[in-house]
Amino acid sequence: MRAVVITRGGGGPEVLEAQEVEEPAPLGDGEVLLQVAAAGVNRADTLQRHGRHPPPPGAPPYPGLECSGTILALGPNVPPRWSVGDKVCALLSGGGYAEKVVVPAGQLLPVPEGVSLTDAAGLPEVACTVWSTVFMTSHLSPGESFLIHGGSSGIGTFAIQIAKHLGIKVFITAGSEEKLAACKDLGADVCINYKTEDFVERVKQETDGKGVDVILDNIGGPYLQRNLNSLGVDGRLFIIGFQGGAVTEVNLQAVLARRLTIQAAGLRNRSLANKAEIVGEVEKNVWPAVAAGKVKPVIYKTFPLSEAAEAHRLMEASTHIGKILLLP
């Protein structure tokens, strides 16, 4: 089969090459073989390309943390709900940038009604990330307020829609008028250009000085103090990335004074059981909203597998709105 290989020990996008590689190994207990229809491109893939986000033991070496496709074969002890020929999407530990991939059955989701097989590849990673962080862990609830940094990203465009569907007031930051307009179209209530406005001041203005209840942050260090200053009493900050760096100096007084919580987590290195639990919660809580058309995958551009380097250049340029997909 063909897969995207990280050559030369890693580096810039040019190290990504589509090559002929060995077929996946025989299926183990509870595993399923997929014919990949499309794979989502995520910022974590660019970190893996640089050697900073290696796949966990036993995962394929190729990038790709989500895909959609058709079930080709079932290993032993796969739940009876799954059959050869089923159209699915999947949360992966790696290997999505390929024509075939092996997936634990607990990480499969049916393609939601009304979503194409290709577009479904843009859902698993964002849905599982957002639901597991701000809903399962930070307990964001109807009637609360929610600030999303990077509102025009794949995660951001999904988070806006599911939060609005659940009756939450949504604030976002983005860096261009085009991105702000796209977020507003998706339902964001307050759209802040972080290049021209102080998001802390704007949040305070819009909340009568109270601050928001939950923040989803992908910047890290440089935003930590400003995020704490933007949270209200019992506010929760969830960090999912360090695009701005991981080190900073912070005054923790606000944490004590307003009973703030700081949390952080990723998906890739969680246990199979934990991933299966998250996937189950997503199917139960998110998939009905997708099937009803309340939440839609926002697809910016697709590339053939052979142009994975171009997909990564686009991802790192941060000019896209929504998801980037690769098509085998």
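Keep in mind it's a predicted model, so treat the numbers as computed, not measured.
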When you look at [atom1] of [X], are more than 12 heavy atoms from neighbouring residues, nucleotides or ligands closer to it than 6.0 Å?
| X | atom1 | answer |
| --- | --- | --- |
| E20 | CD | yes |
| K210 | NZ | no |
| E316 | CD | yes |

Do [X] and [Y] have a side chain donor and acceptor closer than 3.5 Å?
| X | Y | value |
| --- | --- | --- |
| N193 | E197 | no |
| Q225 | N251 | no |
| N227 | H149 | yes |

Can you sort out the partners of R268 under salt bridge (charged side-chain N to carboxylate O under 4.0 Å, His left out), two or more places apart, ordered by chain and number? none
Step by step, work out the side chain to side chain donor-acceptor pair (under 3.5 Å) result for R270 and S93. CA-CA 9 Å; R270 292 173 183 254; S93 297; over 6 Å; no
List the atom of [X], the atom of [Y], and the distance in Å for their closest heavy-atom pair.
| X | Y | answer |
| --- | --- | --- |
| C191 | R202 | O-NH1, 3.5 Å |
| W287 | P110 | NE1-O, 2.7 Å |
| L65 | A44 | CD1-CB, 3.7 Å |
| P63 | I6 | CG-CD1, 4.0 Å |
| I155 | V130 | CG2-CG2, 3.8 Å |
| G96 | A39 | O-CB, 3.2 Å |

Does the [X] side chain pair with the main chain of [Y], one donor and one acceptor, at a distance under 3.5 Å?
| X | Y | value |
| --- | --- | --- |
| S145 | D213 | yes |
| E31 | G28 | yes |
| E66 | L91 | no |
| R49 | G11 | yes |
| S138 | F135 | no |
| T137 | S132 | yes |
| Q161 | K296 | yes |
| K184 | K179 | no |
| S68 | A37 | no |
| E99 | M1 | no |

Aromatic Y223 / basic R226 pairing, under 6.0 angstrom, 45° off normal: yes
With salt bridge (Lys or Arg N to Asp or Glu O under 4.0 Å) as the test, would you mind laying out the steps for D234 and R259 before giving the verdict? CA-CA 5 Å; D234 293 319; R259 301 189 299 271; 2.8 Å; yes
Check against salt bridge (Lys or Arg N to Asp or Glu O under 4.0 Å), E144 and R236: CA-CA 11 Å; E144 290 194 312; R236 292 89 77 196; 2.9 Å; yes
Salt bridge flag under 4.0 Å for residues K204 and E201: no
Carboxylate-amine/guanidinium contact E17 R8, below 4.0 Å: yes
Can you list the steps and then say if E283 with R81 is a salt bridge (Lys or Arg N to Asp or Glu O under 4.0 Å)? CA-CA 14 Å; E283 184 172 0; R81 70 173 295 194; 2.9 Å; yes
If you look only at pairs with a residue in residues 82-112, which of them pass as a ring-ring contact (aromatic ring centres under 6.0 Å, His included), with sequence neighbours excluded? Y97-H312
From [X] [atom1] over to [Y] [atom2], what is the distance, rounded to the nearest 0.5 angstrom?
| X | Y | atom1 | atom2 | value |
| --- | --- | --- | --- | --- |
| L260 | Q253 | CG | CD | 11.5 Å |
| I239 | L216 | CD1 | CG | 10.0 Å |
| F199 | T173 | CZ | OG1 | 7.0 Å |
| Y300 | T319 | OH | OG1 | 5.0 Å |
| I299 | I321 | CD1 | CD1 | 13.0 Å |

With the side chain counted from C-beta on, respond yes when [X] and [Y] share a heavy-atom pair under 4.5 Å apart, and no when they do not.
| X | Y | answer |
| --- | --- | --- |
| V41 | L326 | yes |
| L27 | L74 | no |
| I162 | W131 | yes |
| V214 | I168 | no |
| I278 | Q107 | no |

